S.K.: 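First the structure, which I've put down as structure tokens, then a few questions once you've had a look.
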Amino acid sequence: MLGHGLLNPDAKNFVATIAARYGRRLRHFLSVRLRNVHDVPDVAQEVFLRLLRVERHDTIRNPEAYLFTVASHVLHQHTLNQSSDPVFVDITDAVSELTTPAGEDPAARVDNAARIELLEKELAQLHPKVGAALVMHRVSGFTVPEIAERLGVSRDSVKKYLMRAAQHCRKGRAVRAK
């Protein structure tokens, strides 16, 4: 199929025909299954790139079924890649909201510094997505749907993350109270 860096014209025609016939349904299929709809064009492009690599497209009996099988595999791989990506939340944004103005009582400043240190220790013990969900919800005021979209997870996952964070905080409080 590939020769001297150029694609076989038959492969291009095959993929163009598939895209024209099933492109809209493919995008809908992907948008329903992807957590972040902004990933749909990239995932669709990967599906079509894989179709271009098929050496003998004339042996495909049912192009629609083949397209959606390839799409399912690409979705699975995309999901695995997304779940292994670490979530980054800049703690300095949360910390800046917790600090006291320069003119405030020195005792309050020491107390806030201790609280910030404790917060950083507690967040370090949590799974990154759990800590991110907690900071986004409690400090930045994000809603569950907003957190889900930013983290690329379902709303139910965000609720579980927040529940785990609350349980962790309760355990920490109980330990410190002893």
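For reference, positions follow the sequence shown, starting with 1. None of these values were measured; they are calculated from a predicted model.
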S.K.: At what distance, to the nearest 0.5 angstrom, does CZ of R50 lie from OH of Y66?
M.R.: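 Result: 10.0 Å between the selected atoms.
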S.K.: Taking everything shown except E46 itself, do over 12 heavy atoms lie less than 6.0 Å from its CD?
M.R.: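 Enclosed: over 12 neighbouring heavy atoms sit under 6.0 Å from CD of E46.
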S.K.: Under 4.5 Å between any side-chain heavy atoms of M136 and L151, yes or no?
M.R.: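 A side-chain contact under 4.5 Å exists here.
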S.K.: I'd like to know if V153 and M163 are part of one continuous hydrophobic network [Ile/Leu/Val/Met/Phe/Trp/Tyr, side-chain heavy atoms within less than 4.5 Å].
M.R.: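 No; tracing contacts between hydrophobic side chains, which count when under 4.5 Å, never links both residues.
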S.K.: Report yes if the side chains of L162 and K159 come closer than 4.5 Å at any heavy-atom pair, otherwise no.
M.R.: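 No; the side chains remain at least 4.5 Å from each other.
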S.K.: Go through the steps to decide whether R24 and H28 satisfy the test side chain to side chain contact (heavy atoms under 4.5 Å, CB included), and finish with yes or no.
M.R.: CA-CA 6 Å; R24 181 176 291 153; H28 177 72; 5.8 Å; no
S.K.: Strictly below 4.0 Å, N to O, side chains only: are E146 and R150 in salt-bridge contact?
M.R.: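 So E146 does not pair with R150 through a salt bridge.
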S.K.: Closest heavy-atom contact between V40 and R27?
M.R.: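 Heavy atoms of V40 and R27 come nearest at CG1-O, 3.9 Å.
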S.K.: Find out whether V54 and F14 are in side-chain contact, i.e. whether some heavy atom of one side chain is under 4.5 Å from a heavy atom of the other.
M.R.: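 No, their side chains stay 4.5 Å or more apart.
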S.K.: Can you tell me how the ring of Y22 sits relative to the ring of F68, calling it parallel under 30°, perpendicular over 60° and tilted otherwise?
M.R.: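 Perpendicular.
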S.K.: Enter the distance from L51:CG to I60:CD1 here, rounded to the nearest 0.5 Å.
M.R.: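 If I round to the nearest 0.5 Å, the distance is 6.5 Å.
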S.K.: Would you check if there is a donor-acceptor pair between the side chains of S72 and T69 at a distance under 3.5 Å?
M.R.: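 The criterion, which ignores hydrogens and geometry beyond distance, is not satisfied for S72 and T69.
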S.K.: Taking all heavy atoms of A71 and all of V47, pick out the closest pair and write down the distance.
M.R.: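 In this case the closest contact between A71 and V47 is CA-CG2, 3.7 Å.
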S.K.: Kindly give the heavy-atom pair with the smallest separation between A44 and L26, and that separation in Å.
M.R.: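 Shortest heavy-atom contact: CB-CD2, 4.3 Å.
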S.K.: Just checking, any donor-acceptor pair under 3.5 angstrom between side chains of H57 and D10?
M.R.: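 No, no side-chain donor-acceptor contact under 3.5 Å.
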S.K.: Step by step, work out the salt bridge (Lys or Arg N to Asp or Glu O under 4.0 Å) result for R25 and E64.
M.R.: CA-CA 10 Å; R25 287 185 46 209; E64 180 182 15; 2.4 Å; yes
S.K.: Please determine which of V130, V144, L134 meets the side chain to side chain contact (heavy atoms under 4.5 Å, CB included) test together with Y161.
M.R.: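 Among the candidates, only V130 passes.
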S.K.: Do the side chains of H168 and R164 get nearer than 4.5 Å, heavy atoms only?
M.R.: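 Heavy-atom side-chain distance check fails, nothing below 4.5 Å.
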S.K.: At their closest point, which heavy atom of A133 faces which heavy atom of I147, and how far apart are they?
M.R.: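 Smallest interatomic distance, heavy atoms only, reads O-CD1, 3.8 Å.
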